[in-house]
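Structure first, commentary second.
Chain letters run A, B, ... following the sequence lines, proteins first and then strands; every chain starts at 1.
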Amino acid sequence: MPKITLPDGAVLSFDEPITVADVAASIGPRLAKATLGARVNGELRDAGATIAQDATVELVTARDKAGRSSADALYLIRHSCAHVMAEAIQRLFPGVQLVYGPPVDNGFYYDLAVPPERPLAAGDFSAIEQEMAAIIAADRPFTRYELPGAAGLTKLAQEGSKYKIDNAERAIAGGSQTLSWYATGAPGSGFEDLCQGPHVPSTGRIGAFKVMSIAASYWHGDAASDSLTRVYGTAWADKEQLDAHLRQLEEAKLRDHRVLGKQLHLFVLDDLVGPGLVLWPPHGAILRRELEEFIRAELTKQGYQQVYTPHIGKLDLYRTSGHFPYYQDSQYPPMILHEQLQALATEGASCAELANRLHSGAVEGYLLKPMNCPHHIRIYASQQRSYRDLPVRLAEFGTVYRWEQSGEINGMVRVRGFTQDDAHLFCREDQAAAEMRGCLKLVRHIFDTLGMADFRVRVGLRNPDSSKYVGVPEDWDRAEAVCREGAASLGRPFTEEPGEAAFYGPKIDFIVRDVIGREWQLGTIQVDYNLPERFDLGYIGADNQWHRPVMIHRAPFGAFERFVGVLIEHFSGSFPTWLAPEQVRVMPISEKTTEYGARVLERLAAMGARAQVDDSNNRIQAKVRAAAEARVPYMLVVGPRDEEAETVSVRARGIRSDLGAIPLAAFLGSLAEEIRTRGAVTVLGHHFPGAGAEA
RNA sequence: GCCGGCGUAGCUCAGUCGGUAGAGCAGGGCUUUCGUAAAGCUCAGGUCGCGGGUUCGAGUCCCAUCGCCGGCUCCA
């Protein structure tokens, strides 16, 4: 008869099979009331689940003593809330069919097949929420029942939902003997849904919820399949948690790089220029230039050679590399030569015919470059290479253009024209691992300098079932081994993801999240045996034989556009002094010290600092506020007292008070040091060691 | 590309039932000369994304188009 082991090691013995709820009740009535479910032998189960054998049981309650909710508690609440929302929507919109409704980060969604004559819209949310509130108030139990696979399928066939039949068939194919349903209330009396569970004991246990947004999805994620309506919601143990979550979303919105970028004039996206084409106004250009100079210094240290290449190249170049055929849909259309276009017109050739001839090479044209590697490869090939010359490391801040789908374009982080901090390393095979380490060192240096610790590492491998990859398996195996070893050498967790490789080789990617939680790939390092083959690259070895080099593609920032976008959010627009577009603002108290202010500005300019003077006739309060809103790291207030003593009164970003006056020369010296060391030494640390930035 | 939503002053937004387009901030001018997160007064600023349609009359209703937002799909 079951012996139950609790997390604290205590063992409870029972005479007969019991439920999770019984276990809770045997400990205490309050715990019984608070129990939503349990981990039984590590598996998340309903409170009503039966335990017949010895087991470890970890009860899941809505909240711990500190009022926090475990991931399991939130999972149960959200999964259950998805059912409640589906029931509410089906009550209000009878033709709606259920597809799939899982919990996700911060909430849940339900995919629905909605009749086209009455689409759901955000305007329906309040009605849906009211209906949900009524279902929750009724506090009906979630009741699980199971049917054998065949009987279950018959039941679903009668109900006629092809989506649920498909879900069931896939569950059976996945090895399930039975199918389970969850009824809200008594089975047969109302809403029920084919579902694995688990759920909270009853609808009343869903503490607080909100319907958030509506979006489209595809059935099975397949664009050729049915288009579904996905309704997103969030659910929490109580209203305080929900409110905290909503507040956090509001704050994230203010940190969004698109909002800050406009406010701080960091970049411009102009309708007339085109979607996804970034204009860099002066302040944004400063950010980019500082990053360029930062990395350029590292390139020199690591033995790179800088090159320049044009923005376009002949189609034949990209036929050879494979980019033109592989990625035709995501390139700007080719530029076709006048004579050829005229000849085609005279002939009355169709678009399809034109595409054919472009593909075959019968019609030549030029392409806006989608990648820098082919150009760099031709530089490598432009002279004879000996094994003594390798590695050859060619670097370029190379601008590329890709026709991203219109729905993908997003601020600075997904654009159609962008500049990579690109380089291609051509090396002997025995050098590849060392070159990989050099690249990783560079990536790490960048992330360390900028204080970006919150990134994940992904090793992108080929998917053996896919035909999208070029080259032979042996080369892939070796390249993948180099990537794995490189990632392992970082000393932090990484994931291996088949199917994430480039078509020509595996890669290591560095991925960060934006303020809304979306992931973006920044830096990337790719090992490539294939392009050297396609371009027939070689070098003369010590044995006087012709050998094939290995290529490493790498871009530690990825692209300046995306990196700056992510950086804006990372710093909430408050950039460290070396990056800040405006580093110092001089603020005379009144016109009496305008002239001294101008002198201070001159000194700042002479040392190369980016500074401005606010000589408006505003009061100092307004000047402080304006400078704070512009996220200027240092404000120098100068009044008659300062002029007399040749001092400046310092106020630093993030500190809501005057730090006091220091000699102008002393400030200039430490500011220069702060900029030179990229923040390793700071003005604050030097002159005001006690002052800490407030949140 | 797909589904849904949204485009009004430089920015953030209001605009009722279809009846002469509004606010705050920012900007210009004047007054104030001030010691650390908004001084006061005043002026200017608009083809309501663009194009059609319905109507006596359209910011408002309809169609189309461009752009943006959310998600899906894609991402060399």
- Task: Convert the base pairs of RNA chain B into dot-bracket notation, remembering that pairs crossing earlier ones are written with [ ] and that bases paired across to another strand are shown as |; include only Watson-Crick or G-U pairs under 3.5 Å.
- Result: (((((((..((((.....[..)))).(((((.......))))).....(.(((..]....))).))))))))....
Determine all donor-acceptor pairs shorter than 3.5 Å in which one atom belongs to a side chain in residues 209-219 of chain A; sequence neighbours excluded.
from	atom 1	to	atom 2	distance (Å)
A:S217	OG	A:D111	OD1	3.2
A:S217	OG	A:D111	OD2	3.4

- Query: Please give, in whole Å, the distance from B:rA76 P to A:I525 CD1?
  - Reply: 16 Å
- Message: What's A:I409 touching, base or sugar-phosphate or nothing? Going by heavy atoms closer than 4.0 Å.
- Response: sugar-phosphate
- Message: Pairing donors with acceptors under 3.5 angstrom, does anything connect the side chains of A:Y504 and A:Q526?
- Response: yes
- Rounded to whole Å, CZ of A:R416 lies from P of B:rC74 at a distance of 18 Å
- Got a donor-acceptor pair under 3.5 Å from the side chain of A:D329 to the base of B:rG1? no
- Task: Could you encode protein contacts along nucleotides 37-48 of chain B as a string, one character per nucleotide from 5' to 3', using B for base contact, S for sugar-phosphate-only contact and - for no contact, with a heavy-atom cut-off of under 4.0 Å?
- Result: BBB---------
- Note on the structure: Against the side chain of A:K592, the closest entry in B:rA76, B:rU33, B:rG67 is B:rU33
- Query: Under 4.0 angstrom, heavy atoms only, what part of the nucleic acid is A:Q521 near: base, sugar-phosphate, or nothing?
  - Reply: nothing
- Which value, in whole Å, describes the distance between the C1' atoms of nucleotides B:rG52 and B:rC66? 14 Å
- Query: Pick from A:F503, A:Y469, A:Y318: which one makes a ring-ring contact (aromatic ring centres under 6.0 Å, His included) with A:Y326?
  - Reply: A:F503
- Task: Rounded to whole angstrom, note down the C1' distance from B:rC75 over to B:rU36.
- Result: 49 Å
- For atom NZ of A:K262 and atom C1' of B:rC13, their distance in whole Å: 13 Å
- Message: Assuming nearest nucleotide by heavy-atom distance, tell me which of A:T524 and A:H220 is located more 5' along RNA chain B.
- Response: A:H220
- Task: Report yes if the distance between the aromatic ring centroids of A:F426 and A:H376 is under 6.0 Å, otherwise no.
- Result: no
- Query: Quick one: does A:S217 reach the base of B:rG71 with a side-chain donor-acceptor pair under 3.5 Å?
  - Reply: no
- Taking the six-membered ring for Trp, are A:Y109 and A:Y232 parallel (under 30°), tilted (30 to 60°) or perpendicular (over 60°)? tilted
- Task: Mind telling me whether A:F324 and A:H359 have parallel, tilted or perpendicular rings, with 30° and 60° as the class edges?
- Result: tilted
- Give a yes or no on whether the ring-centroid distance for A:Y401 and A:F418 is below 6.0 angstrom. no
- Task: Measure distances between side-chain N and O atoms of A:S330 and base N and O atoms of B:rA76, and say whether any donor-acceptor pair falls under 3.5 Å.
- Result: yes
- Is the closest side-chain donor-acceptor distance between A:S649 and A:D658 under 3.5 Å? no
- Message: Nearest heavy atom decides the nucleotide; on that basis, is A:G276 or A:R562 closer to the 5' end of RNA chain B?
- Response: A:G276
- Query: Donor-acceptor pair under 3.5 Å: do we get one between A:R258's side chain and the base of B:rC69?
  - Reply: no
- Task: Whole angstrom is fine here: how far is it from NZ in A:K253 over to C1' in B:rC6?
- Result: 13 Å
- Verify whether the ring centers belonging to A:F397 and A:F560 lie closer than 6.0 Å. yes
- Query: What's the NZ-P distance between A:K210 and B:rG70, to the nearest Å?
  - Reply: 17 Å
- Message: What is the separation between atom NE2 on A:H553 and atom C1' on B:rA76, rounded to the nearest whole Å?
- Response: 9 Å
- B:rG1 base to A:Y218 side chain: any donor-acceptor pair below 3.5 Å? yes
- Tell me whether the centres of the aromatic rings in A:H265 and A:H283 are closer together than 6.0 Å. no
- Task: Tell me whether A:Y326 is stacked on the nucleobase of B:rA76, counting only the six-membered base ring and applying the 5.5 Å and 30° thresholds.
- Result: no
- Whole angstrom value for the distance that separates C1' of B:rA76 from NZ of A:K507: 8 Å
